[in-house]
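See structure below.
Note that this is a predicted model, so its numbers are computed, not measured. All residue numbers in this chain count up from 1 along the given sequence.
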Amino acid sequence: MIPLSKIEWGPADAAEPDDSFLDKFIEPEDIKKLLEPKYWIITGEKGSGKTALCKGLILKHGSEFAAIRELLFKDVEFAAIIKNLIHLSKTTDISSLSLISNYWEYVIIIEAMKASIANSKLHLSKEATLLHNYLTKHGLIENTVTSTMLSLIGSCWNFIDEWTKPGGKKPNKILLPSNLAPQVVDQISKYPIFDPEFKKARNIFSTYLRDKKEKVLITLDGFDRLKTSQDTNRLELQIIFEGLIEAVYAISISTDFYDCIQIKALVPYDRYISLELRDMDKFESKYRNIRWDYNSLQEFLAKRLSCHHNLQHVKTFTDLWGEVMPQKIHNSFYDIPEDTYDYILRHTMYRPRHFQIHLQMLSEMYPNKTIDPSMISKAIRESSKKIADFFMKEYKIDHPLIEPFLKRFKGKPNIMEFKEFRAIVGNALEALAVKDWDIDQKINTLYNIGFCGVVKLLGPFDGQIQRIHRYHPPRKIGIAPYRCDFYYTKPIPKLSSYVDNDSLIAIHPLFFDYCDMTPDTTMLIG
């Protein structure tokens, strides 16, 4: 066997430099579909491969595009935009969504223009000069997306000042409830999409791309690591994503750009499913979620294992895995053998990064040593705590009290009836004085972010489902077949409406030690 520490996994974050990235990039069927031009809105959790998808698209398929613009929102602060947007909305009686979707559409098209004029093919053209003049005149060349949005909001306030200051424009019609004339409200509601100068620049850009049969790729990523101020709540932040989705969809169906701009908006899964848009169904044709399964995660690992010079001749995952890991581990609590791949898999949320964290922990704890079964459970317990800690940070913006909230499960069984689970959630909300979530909302969200799942007892037909698609826990003698359905294996729109009081809820194994829970005596969770 080869010591696991000899395997070069590469950076856990695909955003980090990695000269051998393409050697490890894989395109299983579900991932390959995400690269198709028809999908503009891609969702996934932190560590599911959103950034790797963008990087793979650019490095492997970038030659298909005349220009590429990567927009990264890592550590971006949207609080100032939200604050000014809400103030403007209240002043004008124009919905925040209408305003922000216009701004997103504008900045995406502006970024596409900037990418194109930076392309050498466009440098000497008449169109490039006209677009460059427009961008320069409005100070857009060096602007970031957020600074452009703030300047757009500032322009709207200028419209208001122009109509309301002494000696300014006098409205010819009755004032609206917002105390603004219809003309200025109409101007603000359409700004900047119908601004004459922008419309002219937009038409020039669209005509050029279409005549030259060129396409621009725009990627938007990094939303997992947004910053926010203490006075910005989750509902206010959500408007940023609602506006983005509306704008991306508008561009995707526009006669100007649907076939000459390609957008990949990589949005956190929990943000997308929390959208409060009335016509969500219209986005379905442009939307797809990143999904990994039992087989594709094996392919992910096999690709990395086979990069080792001594393993390049090994063909199957089972043989590759056996070169660095023992095939079985004994579960002493249940007194049953477990496949080591299965054991680690059930301590993930089917995210590639979780697997990397687990295996890197094993490598660090046992450097230059071949891995034997006695080493594995201790390392996985430590790496599970690490992943649980990352989980808290990932969702802290929307759930600022998530750590004390989950600690309310301390000492509880890791499988319980729904009525007990619901009571714990309700008591936690009350004890922590959480006012912006009701019990059902919180339960549904806990499921959607992976904290809990549902135990399903299997009938004869269910038991025939191949393991290539689903992991089925090993069972003690006398226990009927069952499986645990988590959001990443079987999405349920609203868990609270799907289950009965006596349905069994399973807490994800990643939180077993974090919440100091007691194990169910008969069922293994995974």
Side-chain angles (χ1 to χ4, degrees), residues 1-14 16 24 26 44-49 52 290 292-308 311 317-318 320-333 337-394 414 450-451 453 471 473-474 484 486 488-489 507-515 524-526:
M1 290 178 66
I2 297 172
L4 188 64
S5 58
K6 298 298 184 182
I7 303 298
E8 293 291 336
W9 297 103
D13 187 346
E16 296 180 32
K24 299 188 288 286
I26 64 169
E45 308 77 15
K46 194 176 182 68
S48 62
I290 297 176
W292 295 86
D293 61 19
Y294 190 93
N295 188 51
S296 59
L297 283 167
Q298 285 189 347
E299 187 177 342
F300 167 83
L301 294 172
K303 190 75 169 179
R304 281 152 177 75
L305 291 170
S306 62
C307 288
H308 190 280
L311 299 178
F317 171 77
T318 301
L320 283 164
W321 186 252
E323 291 288 344
V324 296
M325 294 287 287
Q327 294 289 359
K328 297 290 182 180
I329 181 176
H330 183 74
N331 188 312
S332 58
F333 184 85
E338 282 194 73
D339 183 279
T340 55
Y341 171 77
D342 289 0
Y343 176 77
I344 298 175
L345 176 69
R346 69 183 182 86
H347 288 85
T348 75
M349 294 180 180
Y350 282 36
R351 307 185 197 182
R353 189 177 299 170
H354 288 176
F355 247 114
Q356 282 190 259
I357 291 172
H358 285 312
L359 295 177
Q360 285 173 339
M361 178 65 74
L362 260 172
S363 300
E364 292 166 7
M365 290 180 68
Y366 304 103
N368 301 315
K369 294 183 180 180
T370 57
I371 303 299
D372 68 59
S374 65
M375 301 173 177
I376 296 174
S377 60
K378 180 181 178 182
I380 300 305
R381 289 184 72 172
E382 291 303 312
S383 49
S384 292
K385 292 175 187 176
K386 189 175 181 179
I387 294 172
D389 184 56
F390 289 152
F391 180 91
M392 303 302 155
K393 294 174 182 176
E394 181 179 356
N414 62 350
F451 177 71
Y471 161 73
C484 299
F486 291 94
Y488 49 83
T489 54
I507 308 303
H508 198 286
L510 284 171
F511 305 101
F512 181 81
D513 286 310
Y514 183 87
C515 295
L524 192 68
I525 299 175

Of F391, Y350, F486, which meets ring-ring contact (aromatic ring centres under 6.0 Å, His included) against H508?
->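 Going through F391, Y350, F486 one by one, the ring-ring contact (aromatic ring centres under 6.0 Å, His included) with H508 is satisfied by F486 alone.
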
Do Y294 and D342 have side-chain atoms, one donor and one acceptor, less than 3.5 Å apart?
-> yes

Please assess L510 against H354 for the test side-chain contact (heavy atoms from CB on, under 4.5 Å), listing each intermediate value before the final yes or no.
-> CA-CA 10 Å; L510 284 171; H354 288 176; 4.3 Å; yes

Between [X] and [Y], is any pair of side-chain heavy atoms under 4.5 Å apart?
| X | Y | answer |
| --- | --- | --- |
| S363 | W9 | yes |
| L4 | K369 | no |
| L301 | L359 | yes |
| L362 | M325 | yes |
| I525 | I507 | no |
| K24 | C307 | yes |
| R353 | D13 | yes |
| R346 | E338 | yes |

Enter the distance from [X]:[atom1] to [Y]:[atom2] here, rounded to the nearest 0.5 Å.
| X | Y | atom1 | atom2 | result |
| --- | --- | --- | --- | --- |
| T348 | W292 | OG1 | CH2 | 11.5 Å |
| Y343 | H330 | OH | NE2 | 12.5 Å |
| S306 | L311 | OG | CG | 8.0 Å |
| I357 | I387 | CD1 | CD1 | 4.5 Å |
| L345 | F355 | CG | CZ | 5.0 Å |
| T340 | K328 | OG1 | NZ | 8.5 Å |

Pair E394 + R351: basic N to acidic O under 4.0 Å = yes

Mutual orientation of the aromatic rings belonging to Y341 and F317 [parallel < 30°, tilted 30-60°, perpendicular > 60°] = perpendicular

Nearest non-hydrogen partners of [X] and [Y], listed with the distance:
| X | Y | answer |
| --- | --- | --- |
| I26 | S296 | CD1-O, 3.9 Å |
| G526 | C484 | O-CB, 3.0 Å |
| P11 | E16 | CB-OE1, 3.6 Å |
| T370 | M1 | CG2-O, 3.5 Å |
| I290 | G49 | CD1-C, 4.0 Å |
| P352 | S48 | CD-O, 3.7 Å |

Do K386 and M361 pass the side-chain contact (heavy atoms from CB on, under 4.5 Å) test, and can you show the C-alpha distance, the side-chain angles, and the key distance before you say yes or no?
-> CA-CA 10 Å; K386 189 175 181 179; M361 178 65 74; 4.2 Å; yes

In this structure, which one of E364, Q360, H347, H358 forms a side-chain hydrogen bond (donor to acceptor under 3.5 Å, both in side chains) with S383?
-> H358

Which pairs, with at least one residue in residues 362-382 and sequence neighbours excluded, count as a ring pair (Phe, Tyr, Trp, His ring centres under 6.0 Å)?
->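 Listed by first then second residue: nothing to list.
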
Taking only residues two or more places apart in sequence or in another chain, which ones pass salt bridge (charged side-chain N to carboxylate O under 4.0 Å, His left out) with E382?
->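 Here the qualifying residues are K385.
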
Does a sphere of radius 6.0 Å around CD in Q327 hold more than 12 heavy atoms from other residues, nucleotides or ligands, not counting ones at 6.0 Å or beyond?
-> yes

Using distance only, find each side-chain donor-acceptor pair of residues 373-380 under 3.5 Å and give its atom names and separation, not counting sequence neighbours.
unit_1 : atom_1 : unit_2 : atom_2 : d
S374   : OG     : D372   : OD1    : 2.3

